[in-house]
Number of protein chains: 2
Amino acid sequence: MAEPEWLTPVEHDAWMALAELLFRLPAGLESQLQRDADLAMADYMVLVMLSERDDHSMRMSELASSASTSQSRLSRIVARLEAAGYVTREMAPDDRRAVIATLTETGSAKLVAAAPGHVAQVRRLIFDRLTPAQVLSLTDIAGALAHPDDPASCDLST
Amino acid sequence: MAEPEWLTPVEHDAWMALAELLFRLPAGLESQLQRDADLAMADYMVLVMLSERDDHSMRMSELASSASTSQSRLSRIVARLEAAGYVTREMAPDDRRAVIATLTETGSAKLVAAAPGHVAQVRRLIFDRLTPAQVLSLTDIAGALAHPDDPASCDLST
DNA sequence: CCGAATTAGTTGACGCGTCAAATAAGTTAG
DNA sequence: CTAACTTATTTGACGCGTCAACTAATTCGG
């Protein structure tokens, strides 16, 4: 609260660079996936999160936070993926409010087909442009910034 | 092309952290601006870019690339900002295809009113969570990643 | 000069994400 | 037991961004 009201020049540069990244990088990743696999990044992430589970299943609410989206957005995404045959939805046996989304065989195949192109794009746009040291540094920085609403991670200066 | 097809574990961690950042940070910034100033980030950026010019004016196409958006998106943004009274549009005298957007007094005032809250949020979500060294590092990394379609910045390994 | 190609900007149709409200099923306190 | 609260998910309305098509002005080749 006693912080200065404006940014220092160094902070300003960092913020401008980050803002540009925030606008442009998603577009570059999105367009490859859309073009080659007809999937949005968020769709792809949802498929990935499901595929990483042994049973290829997850509750909607857990899936939403894994994929970093809102519940209502996830609901629409899964509805689309279900319509495309990539996932199924069923009531959870233990808690009848909950819904379990499950990746289908078709969905697995879709992911297997889409992954190489996407990974290549990630490599092109990100790792080909960074030194190994920068990759490590990026991991720390992104980890520190990835939870906007987490109060524990800020104001460590006391 | 001879690159490995998948990511190394270190790269995977970095990518996951960055992906989370890419999904969550914009939402955290966007919501404050929307709530307190009824502006989207992209709207705000457009106003900022105009305000940084001496004459508070810029061509649409230049404004689009400064604000890192597509032309058609910018066209809609400026239409909204014009309807709100924050900018005006007029034909360029030298090239009659071009349109010059100009920030109005009302638009300047809006920006002055919105800036402190936004800057505070940027500080909360970004700079309060990074060491000075990380801020420098972020500037370099974001600079390297901010131009997805720039062929000059990749594949320097030859 | 003239016609083809390029550049600048806008717009209609469409799909997606957000917000708030709705539904429904657990949970808790008296 | 039940009324109030919380949690899980969906959905209607609405605004925004994207894509492709369109208008119009400038430039380029011959």
Side-chain angles (χ1 to χ4, degrees), chain A residues 22-36 38-46 57-84 87-102 148-149, chain B residues 22-24 26-46 57-84 87-102 148-149:
Chain A
L22 256 24
F23 276 99
R24 304 189 117 118
L25 188 54
L29 295 165
E30 205 85 57
S31 68
Q32 179 278 327
L33 261 180
Q34 194 68 61
R35 177 168 40 77
D36 297 348
D38 194 38
L39 290 173
M41 269 289 281
D43 298 357
Y44 183 86
M45 282 298 183
V46 166
S57 292
M58 217 183 300
R59 284 180 70 140
M60 293 295 279
S61 47
E62 195 189 355
L63 190 48
S65 70
S66 306
S68 304
T69 84
S70 67
Q71 275 201 160
S72 85
R73 185 181 181 184
L74 179 74
S75 186
R76 310 229 187 242
I77 289 171
V78 172
R80 287 198 300 275
L81 294 176
E82 187 179 38
V87 306
T88 58
R89 279 189 287 191
E90 54 187 329
M91 264 183 43
D94 54 316
D95 183 341
R96 282 182 302 175
R97 292 169 302 178
V99 171
I100 308 288
T102 305
D149 36 297
Chain B
L22 256 24
F23 275 99
R24 304 189 116 117
L29 294 165
E30 205 83 59
S31 69
Q32 178 278 326
L33 261 179
Q34 195 67 62
R35 177 167 39 76
D36 297 348
D38 193 37
L39 290 174
M41 268 289 280
D43 299 357
Y44 182 86
M45 282 299 183
V46 166
S57 292
M58 218 183 302
R59 283 180 69 139
M60 292 295 280
S61 47
E62 195 189 354
L63 191 48
S65 69
S66 306
S68 303
T69 85
S70 67
Q71 272 202 153
S72 85
R73 184 180 180 184
L74 179 74
S75 187
R76 310 232 187 239
I77 290 171
V78 171
R80 286 198 302 274
L81 295 176
E82 187 178 37
V87 307
T88 57
R89 279 191 287 192
E90 54 187 327
M91 264 181 43
D94 54 316
D95 183 341
R96 281 182 303 175
R97 291 169 303 179
V99 171
I100 308 288
T102 305
D149 37 298

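Throughout, protein chains are lettered first and strands after them, A, B, ... in sequence-line order, and every chain is numbered starting at 1. This is a predicted model, so every value here is computed, not measured.
- Rounding to the nearest 0.5 angstrom, the gap separating the CZ atom in R76(B) from the CG atom in D43(B) is 14.0 Å.
- Between I100(A) and the options E90(A), M60(A), M91(A), a side-chain contact (heavy atoms from CB on, under 4.5 Å) holds for only E90(A).
- Here the straight-line distance linking atom CZ of R80(B) with atom OG of S75(B) works out to 10.5 Å at 0.5 Å rounding.
- Counting to the nearest Å, the P atom of dA8(D) and the CG atom of D94(A) are 11 Å from each other.
- How far CZ of R24(B) is from CG of L29(B): 14.0 Å, rounded to the nearest 0.5 Å.
- Between R96(B) atom CZ and dT23(D) atom C1' the separation is 14 Å, expressed in whole Å.
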Exercise. List the protein contact pattern of nucleotides 6-16 of chain C with one symbol per nucleotide (5' to 3'): B for base contact, S for sugar-phosphate-only contact, - for none; contact means a heavy-atom distance under 4.0 Å.
Key: -BSBBBBB--S
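- Going from atom CD of E30(B) over to atom C1' of dG17(D) covers 12 Å, rounded to whole Å.
- Taking atom CD1 on I77(A) and atom P on dT9(D), their separation rounds to 14 Å, with Å as the unit.
- Once rounded to the nearest 0.5 Å, the distance linking CD of E30(A) with CG of L25(A) reads 10.5 Å.
- How far OG of S68(A) is from CG of L74(A): 11.0 Å, rounded to the nearest 0.5 Å.
- Within the nucleic acid shown, S70(B) comes within 4.0 Å of sugar-phosphate atoms alone, with no base atom in reach, counting heavy atoms only.
- We find that CG of D38(B) is positioned 12 Å from P of dC19(C), with the value rounded to whole Å.
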